[in-house]
There are 2 protein chains.
Amino acid sequence: MVASLRLPSLTSLLFPATTRYPAALRRTLCLRNRPASGFATAPSGTASPETKSEVGRLPRSDQAVTPRSQDFSAWYLDVIASAELADYGPVRGTMVIRPYGYAIWEAIQDYLNVKFKETGHSNMYFPQFIPYSFIEKEASHVEGFSPELALVTVGGGNELEEKLVVRPTSETIVNHMFTQWIHSYRDLPLMINQWANVTRWEMRTKPFIRTLEFLWQEGHTAHATPEEAEKEAKQMIEIYTRFAFEETAIPVIAGRKSKLETFAGADTTYTIEAMMGDRKALQAGTSHNLGQNFSRAFGTQFQDENGERQHVWQTSWAVSTRFVGGIIMTHGDDTGLMLPPKIAPIQVVIVPIWKKDSEKTEVLSAASSVKEVLQTAGVRVKLDETTERTAGWKFNFWEMKGVPIRIEIGPRDVSSNCVVVSRRDIPGKAGKVFGISMDPSTLVAYVKEKLDEIHSSLLEKAISFRDSNIVDVNSYEELKAAISSGKWARGPWSASDSDEQRVKEETGATIRCFPFEQTLGTKTCLMTGNPAEEVAIFAKSY
Amino acid sequence: MVASLRLPSLTSLLFPATTRYPAALRRTLCLRNRPASGFATAPSGTASPETKSEVGRLPRSDQAVTPRSQDFSAWYLDVIASAELADYGPVRGTMVIRPYGYAIWEAIQDYLNVKFKETGHSNMYFPQFIPYSFIEKEASHVEGFSPELALVTVGGGNELEEKLVVRPTSETIVNHMFTQWIHSYRDLPLMINQWANVTRWEMRTKPFIRTLEFLWQEGHTAHATPEEAEKEAKQMIEIYTRFAFEETAIPVIAGRKSKLETFAGADTTYTIEAMMGDRKALQAGTSHNLGQNFSRAFGTQFQDENGERQHVWQTSWAVSTRFVGGIIMTHGDDTGLMLPPKIAPIQVVIVPIWKKDSEKTEVLSAASSVKEVLQTAGVRVKLDETTERTAGWKFNFWEMKGVPIRIEIGPRDVSSNCVVVSRRDIPGKAGKVFGISMDPSTLVAYVKEKLDEIHSSLLEKAISFRDSNIVDVNSYEELKAAISSGKWARGPWSASDSDEQRVKEETGATIRCFPFEQTLGTKTCLMTGNPAEEVAIFAKSY
């Protein structure tokens, strides 16, 4: 099935140096030509100046990205610009999610939506305008969110009597409504979810990772007992964990937040923490056991089976467009984006190759059939048949866009009824297999197997990167050394909030979580020497 | 296959008068107990008082709705409350879309999303905050929208330098971005869509029909020629028209808006107009040919094949959650909601019936198999197996919720391997067929056929209602008579904008559209007696 039927020299012919990245035609309009911190530096609340750009014949993506190994932050912004994932909105800190980036979000939605419904949640929609007084009802909630609020003060030309908060999250309005809908234990559990935009007036922003407005899902549930609420909060973090591993090949570490890092208004926050390529941590999803904090603040009560009135026990949980940033920063490399197959908008790109016009028809016809075959088999496939670009240019372009598999079809392939298959995750010749039969069943099986292999391979690589960058520490000195070498520190912890605060101030690292997976044996707090029940993971984070 | 194997008396046994709507247990918390205009009367921008409610043992839906024939407006609000489609948000004019209502919106999304992608559009997402200066760039746009704007003036605790508009629609920010993305004719056409929330500070609001915030999709495209833009605008109104007929059984009339009714910023607006049960018109979707209005205001230019710079030609088009209101008001009846099968969240409800405990097991087991069979066949089915309600109560409840088909299974049905099938759209015995075999292939085929029949029947009924309520008029007197009798008036029109304005002031009716389907023959303007090229349709509207 797999045999080297083709002369490697043919493909190298396709990469004349001048077509790789024609410097003369490089466009000036590119995010990376703004200062790397540009997303954060425009003055608050003003429109950024409209950037005039040259009329170029080449799309923006005609630029090499800054190598990741050279400057991680510049690389990240380059990838987002060149792969056309997102762009800056006119208002400081806002982001336009472009079709290729939005398609990744749609894949995330498609997966989670099914899981949420399978576990008994219904989608619905709450208004985004929340009376300011609501935010003040739950004490720690207002403390956590009030510095980040966007306020509507004028509506229909008139100053409003009560200013309105543009939702930063919906616990308050959800509870206002739950109070009207919940009366008896028969109304419980009430389990809902909404897909929505939320606004937080962040000062330091970064596309996907932290933006003034972002998209997310927020689940909200109410239960009759604390045990049910706890079970729900744990179930949802488990769903997020599986999603991260199985769909995005991100080996997150799931665990519990420290008291200092718990959501404003929650009793307990569970989190999934991912290690980015620069070894910073990214909080990629959270699930909160809200206890009765909001139900007490909003009077959300039910009559139990004995006729007693009780406050409901609640949870909330969310994953946002931040996850797209996590995918970029986990798998990308010097060449650009590298997308895990299951959420890649394009899983396979077909690049037809011909030199003479006489070859064009048969090559394009074969390429179309291959596309048809894969599409019918449920593979997301694109045939790049534009004639304005060389095959070499296309190779670079689709690699930068992170498409997991490339299929090349040239005249010799057509005559031998074969194709060449290249893996994005294995650079150069090592990732290239010649002579894969075009026979539909063979080709489909091969491609699907490769997509699975790529997923596993990305996950394994990320696991080994993660594990080689977590240091077990038993003293504060060791912790400081680990953090200053850019790694994560894992060590027994039973010290105070103020000790935790001190670590943050002195090292820049925070407790990311007390992981669910704990090592056995007796533990001694790295800071105090007192007995500790758990290890915590410390890291710098986004 | 269809035989009367069951004694009708059995079912009538299930409706003891006391269980229908037990008056003593009727709950006080219900939208219809607020004034019918309550959605519009709370003071601007303030939270409505929290309504204290009894702890009832019965869900809100335990109330008969006001008969539609008695008070259309009260009926509409009752249906929305009782069927749990939506509820009032805490801020005046806002709406919470509850799971059953949201599921209808999801069905609308699922259908349109596929059509948009098939016709080459990509989903993406633009920020909702728009610098105020953007709105002012297109002269008629600012005139149309400035009275309805919600403004963010405070962010992160600080007064903003430039106030931000919460998007009422996105043409301005879209053009700001298009200007950065479009350079050459090779970048065209650019065809995108977003699913988003929008805000318009409406003074008179009504759930689904006109709310302060609503959900919609907005398509935006840019083209190299006016012909392409016109073709696109027409294509999208055609997609909406088909959607209305084929999915929602609403026989909309598609046509062109008059100049006065054209979207603020468009050259031409195409519309689909639906006749509601009270014979008012509902604008259910629009598609705008924007010409070069926004591209000139925002400098959105491209270099054509001859190297000349030109402004792009654009369209935009939208359908919103208002469509859900249109579905309710087209098909509902005195009993409540009546959902067209294709967008019904539940297409079939199974009500098991037993009297003795000894019958319960076998009836529930048969009901479960029937559910399984239908579900596997792709039918959206619910088995109502709660034991707290009588079968009669369940019949009423699911009729009020508009479920197209009810399947009843009692002990005799089990022994004869049959079920009873009732159609929501044909009341009483006439809609009830006994003795449908439980044999999977027979049952599935029968149910699917009935769902199709119900769709066709709803559509036919709506067409005949529509056509019997449109009067052809040839003079202003006839027009006035038609409008004052509550009908739509269709007549030749070539008069001035001020004549049109006069009709509005004197009759309350506006030109809904110049329908695409025009009668042949010479026409004389009903107002001026001058030659007219087209007939227009006049009606009062939502």
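Labels below follow one simple rule: chain letters A, B, ... track the order of the sequence lines, proteins then strands, and each chain is numbered from 1. Quick caveat: nothing in here was measured; it's all calculated off a predicted structure.
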- Task: Would you tell me whether B:W181 and A:D87 have side-chain atoms, one donor and one acceptor, within less than 3.5 Å of each other?
- Result: yes

- Item | Side-chain heavy atoms of A:S122 within contact of B:Y102, under 4.5 Å | no

- Note on the structure: Looking only at B:A150, B:P99, B:P147, most heavy-atom pairs under 4.5 Å shared with chain A are made by B:P99

- Message: Show the nearest heavy-atom pair for residues A:F134 and B:P90, with the distance to one decimal.
- Response: CZ-CB, 3.6 Å

- Message: Would you say that B:M124 contacts A:I97 through its side chain, given a criterion of any heavy-atom pair below 4.5 Å between the two side chains?
- Response: no

- In chain order, what residues pass the side chain to side chain donor-acceptor pair (under 3.5 Å) check against A:T386, with sequence neighbours excluded? A:D384

- Hey, are B:Y125 and A:E213 close enough side-chain-wise for a donor-acceptor pair under 3.5 Å? yes

- Nearest 0.5 Å, what's the CG-CD distance between A:L151 and B:E159? 9.5 Å

- Message: If I measure from the heavy atoms of chain A, does B:T321 come under 4.5 Å with its side chain, its backbone, both, or neither?
- Response: neither

- Task: Identify the heavy atoms of B:T199 and A:Q128 that sit nearest to each other, and give their distance.
- Result: OG1-NE2, 3.9 Å

- Message: As an exercise, state the distance from CG of A:L160 to OG1 of B:T153, rounded to the nearest 0.5 Å.
- Response: 9.0 Å

- Query: Side chain, backbone, both or neither: which part of A:L149 has an atom under 4.5 Å from a heavy atom of chain B?
  - Reply: backbone

- Task: State whether A:E161 and B:R92 are salt-bridged, where the test is any N-O pair (Lys NZ or Arg NE/NH1/NH2 against Asp/Glu carboxylate O) under 4.0 Å.
- Result: no

- Message: Using 0.5 Å steps for rounding, measure from the CE atom of B:M177 to the OH atom of A:Y88.
- Response: 11.0 Å

- In Å and rounded to the nearest 0.5 Å, what is the CZ to CD distance from A:R186 to B:E388? 4.5 Å

- Report the distance from atom CZ of A:R98 to atom CZ of B:F126, rounding to the nearest 0.5 Å. 9.0 Å

- Message: Only pairs of heavy atoms separated by less than 4.5 Å count here; which of B:A103, B:P127, B:S146, B:G101 has the most with chain A?
- Response: B:P127

- Can A:V166 and B:V152 be said to form a side chain to side chain contact (heavy atoms under 4.5 Å, CB included), step by step? CA-CA 9 Å; A:V166 186; B:V152 171; 4.2 Å; yes

- A:L215 versus chain B, heavy atoms under 4.5 Å apart: side chain, backbone, both or neither? side chain

- Message: I'd like to know which of B:N193, B:I130, B:N197 tops the heavy-atom pair count under 4.5 Å against chain A.
- Response: B:N197

- Message: Between A:E106 and chain B, with a heavy-atom cut-off of 4.5 Å, which part of the residue counts as in contact: side chain, backbone, both or neither?
- Response: side chain

